[in-house]
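Working notes, structure below.
Just so it is clear: chains get the letters A, B, ... in the order the sequence lines come, proteins before strands, and each one is counted from 1. The analysis underlying the following values was restricted to heavy atoms, covering all of them including side chains, and did not include hydrogens, waters or symmetry mates.
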Amino acid sequence: MSSDDRIRAGRLARSEIDENFADLHPPLSRSEALIEADRCYFCYDAPCTTACPTGIDIPAFIQKIRSDNIRGSAHTILRENIMGGMCARVCPTEILCEEACVRNTHEEKPVEIGLLQRYATDPILETGTQLFERAPSSGKKVAVVGGGPAGLSCAHRLSMLGHDIVIFNRDAKAGGLNEYGIAAYKTVNDFAQKEIDYILAIGGIELKNASPLAAEDGLAMLCKKFDAVFVGIGLADSNELGIDGEDLDGVENAIEYIATLRQAEDKSTLPVGRNVVVIGGGMTAIDVAVQSKRLGAENVHMVYRRGPEQMSASVFEQALAQTSGVRIHYHASPRRIVGNGHVTAVEFAEGLKLDADIVFKAIGQKLNADGYGALEQETGRIKVDGHHRTSMPGVWAGGDCVAGGEDLTVSAVQHGKIAAIDIDRALRKN
Amino acid sequence: MADLKTTFLGIASPNPFWLASAPPTDKAYNVNRAFEAGWGGAVWKTLGEDPHIVNVSGPRYSALHSNDRRVIGFNNIELITDRPLKTNLDELRQVKKDWPDRALIASVMLPMNEQSWAKYIPMIEDTGVDGFELNFGCPHGMSERGMGAAVGQVPEYIQMATEWAKAAASVPVIVKLTPNITNILPPARAAQDGGADAVSLINTINSIMRVDYDSLTMYPTTDGLGTHGGYCGEAVKPIALNMVAEIARTRETAKLPISGIGGITDWRDAVDFLALGASNVQVCTAAMVYGFKIIDDLVDGLSNFLDDKAIRLDQLIGKAVPSVTDWQHLNLNYVEKAVIDQDLCIQCGRCHVVCEDTSHQAITDTVNGERRFEVIDDECVGCNLCVSVCPVDGCISMQQLTAGIDPRTGAEITAEKLQWTEHPNNPMRKTETS
Ligand SMILES: Cc1cc2nc3c(=O)[nH]c(=O)nc-3n(C[C@H](O)[C@H](O)[C@H](O)COP(=O)(O)OP(=O)(O)OC[C@H]3O[C@@H](n4cnc5c(N)ncnc54)[C@H](O)[C@@H]3O)c2cc1C
Ligand SMILES: Cc1cc2nc3c(=O)[nH]c(=O)nc-3n(C[C@H](O)[C@H](O)[C@H](O)COP(=O)(O)O)c2cc1C
Ligand code: SF4
Ligand code: SF4
Ligand code: SF4
């Protein structure tokens, strides 16, 4: 059998694929939202708010949904988290706000905070209702490197505070992993770009796409031209397995396949393997496994070297994979990838051997520090303090590229926000 | 199953649940369906003189909703029957014939002249109805024409009309009272003095539900104009209960039988009315909101309750009346403190914030750096606010201090009672020497 047969497009009809990639959690109707909002107890010093990395005042926005004050509700959300719309779709709420909800103690069913957040923010983004104004101009200019959640959040807050911003972004589109990474069924209908349009509409932000900044003296140049610099470049490189057969055809970085998938107009044109083996235990592994299955792969195995508790993918994500038909193997480390030019199987130290037409490596991303060597690192990422200042004066950093984060969209937004507030403080001092 | 057979003023019914005079009793069709469903009796939609009145052909009703659109309160601007008297009389006669074991009461509203009463009462009684209910309560429309609440708000008129009705009727006469007064006792006494066999209460309360947020007119309107309506449903029960209890606990009116009305939705509401002195109850809004089937829960809920308590229905009636008194007779030496069951507490913090913001700063939010809600006995005045707002039933309870000192006041706990009438701070107190 040629590899062309084993890996081909159109395993499912387009209509079937469209259905498989529809909204994972369809939005709430008004009645559903009002009933759900009524379940919120309006807690004091609410545990859900404490659990939200951006500190959204959750009882307050839910209270506003109850009174049909949707604009007020959206403002309560977006003033803490300008990507409240994306976060409503992609946050692993089961380990954040919803895990902390006191309703869990009462009846083991939290308030559906994520869905309510989407209910409040969708209409504002759809109508483009601008809820934020820029402060009078400070005359200061800030460079933001990276147009992902961290960079965009930082830019928006800086604009609100009266500064002018230029974003230098490597990719052809802004949004970072919102645009190229997050599972397609979590953010349908080009939502990432709509959200970016909303964010940029505040004004004062110049976005330069396809403008990577990786030259040795790039950072120093920026520091000269701008009053401050924020670095939010994410993790551009993928970790290697370091085993035999890694360079066979058909062994791919999950992240690259996902990026192609996210950019495909018609997903039925994407090549899919019949037997897919995914190596890794994080969100990327889950996403590539589930999406392969939904594109029509027959057998999808996800293999993780440790147990379910150590997996960084939440219990909800693991369950999603299993209900989508992905078989998860725990405690198995790949020893060797075999094949003749093209991969045919993966062998594991524990004796397991799985047939494979495609192997996706999803064992984590790492910082590509080209051009950022001047910034001190810690555990392989950029070191920052509590205000997201780097070791270099005038340079702040946030998002996945910094040490000590959670590698979530919502954390990246918070980093950008904290840095912007600190940059503002610094710029107003001198 | 406890026996729910009731005899009210000698009128028998299989259970104490009657439908109040209102749309559910508007015509034979509805009443037949109600009796099939198991209702014990019906007070027919109020009859008036011909020519019959006309209703608006726009919205008559509107509701106060919870977020999931449960109807909490209900408002109407409907008048009395809008059908010819003869039609109503024919149907009354037939229904009574078809349902001899059910109570059938004719509600009436007539102008303030004796001839009308002398003319219509015998004509209506001839249909075989078991009794009359005089509608002195309708607070909208009819009151503008000098009837309904316009009569019910003037004790002399109540007495006069009751006398006219009694003179013309040979079956029992119930006087239905309006709550749109400041003190229910003068109207109740007037009914009694006029010879009423019983009173029923409450009718609806003057109300405007809200404004329309688009047009900024009141809501609802008929062609742009609205008028106040009568409020009823669950929200009015506490108001009704107080009025029933006032009549039941006041010496001059204590013997007057009461038919309790206002917000009754499930069997517990009926227990409230019966225990506070009503001998039977009437229901309107709950039937209009859920249909006649609610009678199932009313009947077997009450019956199961009586079985659990091992008491008869007649023993329940008035049982709670002795517990109702004036504020001045409450024991000021009695002390309760809130106690939080930490195993049930879900840590919502509502008790803390309400006590902190609006009461006595008597609940912690942190203990040793941990989120924890505990009552500070030194500050707790025992007000019951936290119990009222806690979302977990039974999580906070009020417990009596029976010995030692109250850490808030420093006063010794004593079994001796102290009423305001004897309290040292009361300048008008009764002293032993006076
Ligand atoms: C497959 C996958 C699924 C995920 N699913 C979820 C999820 O469901 N929920 C969730 O909360 N999180 C999820 N995450 C994590 C989340 O996407 C990231 O934490 C978040 O996007 C980090 O934002 P960031 O701005 O730091 O980086 P990125 O989103 O990576 O953005 C980095 C940006 O910097 C630009 N850039 C990079 N290098 C340069 C350079 N040298 N010069 C200029 N620009 C540069 C890139 O073009 C890009 O726009 C997922 C991640 C992956 C990989
Ligand atoms: C739509 C409507 C019409 C009513 N019409 C009458 C009436 O004709 N005569 C009357 O005595 N009471 C009338 N009432 C008052 C009810 O009989 C009853 O006293 C009041 O609604 C309180 O009871 P509830 O809370 O169970 O509805 C009416 C109430 C409603 C809601
Ligand atoms: S913890 Fe749950 S109930 Fe409490 S405020 Fe948050 S969402 Fe509402
Ligand atoms: S009973 Fe009143 S004073 Fe005491 S703790 Fe509760 S709310 Fe506070
Ligand atoms: S209101 Fe009830 S559940 Fe909430 S913190 Fe207080 S005691 Fe606990």
Task: chain B contact residues among residues 26-38 of chain A, heavy-atom distance under 4.5 Å - done: A:L34, A:I35, A:D38
So how far is it from [X] [atom1] to [Y] [atom2], rounded to the nearest 0.5 Å?
X      : Y     : atom1 : atom2 : result
B:C348 : A:F42 : SG    : CZ    : 12.0 Å
A:R39  : B:D68 : CZ    : CG    : 11.5 Å
B:N67  : A:S67 : CG    : OG    : 9.0 Å

Atom [atom1] of [X] with >12 non-hydrogen neighbours under 6.0 angstrom:
X      : atom1 : answer
A:K383 : NZ    : no
B:D223 : CG    : no
B:Q400 : CD    : yes
A:E107 : CD    : yes
A:E19  : CD    : no
B:R69  : CZ    : no
A:D385 : CG    : yes

- [ ] Look only at the side chain of B:R350 and the backbone of A:Y41, and say whether a donor-acceptor pair between them is shorter than 3.5 Å.
- [x] yes
- [ ] Report yes if the side chains of A:T105 and B:Q347 come closer than 4.5 Å at any heavy-atom pair, otherwise no.
- [x] no
Task: Toward chain A: residues of residues 352-371 of chain B with heavy atoms under 4.5 Å - done: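 The stretch touches chain A at B:H352, B:V353, B:D365, B:R371.
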